[in-house]
Amino acid sequence: MFDLAGDGPMLLVDINYKEKQAIIPFPTARLSELLGSVDIEIPPERVYLGGNSVLQIRLLHNGTKEAAALAQLFQKHHSLDLVNRVSKAITGPDSRVSKQIKKHLKEGRYNKIEEILNEANHCIKAKNREPER
């Protein structure tokens, strides 16, 4: 856990590869570039939270209840790309979607990380069907 008292990113990953380190906040538009800064040349969808014998990855959260709940949903087989997509869904431009997902995280409504993406997609589709005022 890092101490930002809820400000800034909900999640970070601390990556150690060979003798290099990177701290990556999520979401980010520069994920591939940041991985490249520590000589990781495989795409983010193939870099898993479980790491391997030469790649150590720690998922950190900002200490809020919703961030802690979110971090617990991620498993070792989940990719950094998935972490980024879920983070974008939660912090996206529609504050109604963000507030609803954060509320549901606090309430412990999710059992799998995919449920968050499904809810975000459902909310966005419903919003797009709303008539303009």
Side-chain angles (χ1 to χ4, degrees):
M1 178 176 71
F2 57 98
D3 185 19
L4 291 176
D7 294 336
M10 288 178 67
L11 299 176
L12 295 172
V13 292
D14 175 11
I15 297 178
N16 290 284
Y17 180 63
K18 298 184 180 174
E19 294 187 18
K20 295 186 176 186
Q21 179 183 23
I23 304 288
I24 301 175
F26 287 93
T28 179
R30 302 175 40 226
L31 186 52
S32 292
E33 178 186 339
L34 293 167
L35 291 172
S37 73
V38 290
D39 298 333
I40 297 174
E41 297 178 3
I42 58 176
E45 54 273 1
R46 291 188 40 224
V47 179
Y48 302 100
L49 290 173
N52 59 39
S53 61
V54 294
L55 173 64
Q56 289 80 44
I57 298 177
R58 280 188 325 146
L59 182 63
L60 308 169
H61 63 82
N62 68 6
T64 62
K65 188 172 183 176
E66 61 267 22
L70 178 61
Q72 287 183 346
L73 291 172
F74 283 106
Q75 304 294 312
K76 292 182 181 206
H77 67 275
H78 289 138
S79 71
L80 295 186
D81 179 66
L82 181 62
V83 175
N84 205 32
R85 287 188 291 129
V86 169
S87 296
K88 285 178 184 176
I90 294 171
T91 62
D94 189 331
S95 64
R96 291 181 301 171
V97 173
S98 178
K99 285 178 186 175
Q100 181 172 325
I101 291 173
K102 287 179 180 180
K103 178 181 178 231
H104 290 170
L105 279 165
K106 282 183 187 177
E107 296 170 349
R109 289 196 187 183
Y110 301 114
N111 294 309
K112 295 189 291 185
I113 203 71
E114 292 81 7
E115 293 172 349
I116 295 172
L117 288 175
N118 290 340
E119 182 169 7
N121 288 333
H122 176 74
C123 290
I124 291 167
K125 286 177 184 174
K127 181 183 177 205
N128 289 340
R129 287 191 301 264
E130 290 178 0
E132 291 200 28
R133 297 177 190 189

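All values derive from a computational prediction rather than experimental measurement.
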May I ask you to test the Pro44-Ser79 pair for a side-chain heavy-atom distance under 4.5 Å? no
Rounded distance (nearest 0.5 Å) linking atom [atom1] of [X] with atom [atom2] of [Y]:
X	Y	atom1	atom2	value
Leu11	Ser87	CG	OG	4.5 Å
Lys18	Gln56	NZ	CD	12.5 Å
Gln100	Ser95	CD	OG	11.5 Å
Ile15	Leu55	CD1	CG	6.5 Å

Could you report the tightest heavy-atom contact between Ser98 and Ile90, atom names first, then the distance?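 Result for this residue pair: OG-O, 2.5 Å.
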Atom of Ala89, atom of Ile101 and distance for their closest heavy-atom approach: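 Answer, listing the atom of Ala89 first, then Ile101: O-CD1, 4.3 Å.
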Residues two or more places apart in sequence or in another chain: which of them pass salt bridge (charged side-chain N to carboxylate O under 4.0 Å, His left out) with [X]?
X	result
Lys99	none
Glu107	Lys103, Arg109
Glu33	Arg30

Determine whether Ile113 and Leu117 satisfy the following criterion, side chain to side chain contact (heavy atoms under 4.5 Å, CB included), listing intermediate values before the conclusion. CA-CA 7 Å; Ile113 203 71; Leu117 288 175; over 6 Å; no
Per the salt bridge (Lys or Arg N to Asp or Glu O under 4.0 Å) rule, what does the pair list look like for [range], sequence neighbours excluded?
range	result
residues 47-57	none
residues 75-91	Asp81-Arg85
residues 46-70	Asp14-Arg58, Glu66-Lys106

Test of understanding: with side chain to side chain contact (heavy atoms under 4.5 Å, CB included), list the residues that count as partners of Ala69, not counting sequence neighbours.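 With sequence neighbours excluded, Ala69 shows a side chain to side chain contact (heavy atoms under 4.5 Å, CB included) to Leu105, given in chain and number order.
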For Glu114, which residues count as a side-chain hydrogen bond (donor to acceptor under 3.5 Å, both in side chains) partner, sequence neighbours excluded? none
Please name all residues satisfying side-chain hydrogen bond (donor to acceptor under 3.5 Å, both in side chains) with Tyr17, sequence neighbours left out, ordered by chain then number. none
Can His61 and Leu70 be said to form a side chain to side chain contact (heavy atoms under 4.5 Å, CB included), step by step? CA-CA 8 Å; His61 63 82; Leu70 178 61; over 6 Å; no
Let me check something: any side-chain donor-acceptor pairs from residues 35-43 under 3.5 Å, sequence neighbours excluded? List them with distances.
unit_1: Ser37; atom_1: OG; unit_2: Leu34; atom_2: O; d: 2.5
unit_1: Asp39; atom_1: OD2; unit_2: Lys20; atom_2: NZ; d: 2.9

Quick one: which residue pairs count as a ring pair (Phe, Tyr, Trp, His ring centres under 6.0 Å) with a foot in residues 85-113, not counting sequence neighbours?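 Output for this query is empty, none listed.
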Walk me through it: do Leu12 and Ile24 pass the test side chain to side chain contact (heavy atoms under 4.5 Å, CB included)? CA-CA 5 Å; Leu12 295 172; Ile24 301 175; over 6 Å; no
Same hydrophobic cluster for Tyr48 and Ile57, using side-chain heavy-atom links shorter than 4.5 Å among ILVMFWY?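 No, Tyr48 and Ile57 fall in different hydrophobic clusters.
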Report the residues that fulfil ring pair (Phe, Tyr, Trp, His ring centres under 6.0 Å) with Phe74, sequence neighbours left out, ordered by chain and then residue number.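 Result, ring pair (Phe, Tyr, Trp, His ring centres under 6.0 Å) vs Phe74: His78.
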Between Asn84 and Leu80, does the side chain to side chain contact (heavy atoms under 4.5 Å, CB included) criterion hold? Intermediate values first, please. CA-CA 6 Å; Asn84 205 32; Leu80 295 186; over 6 Å; no
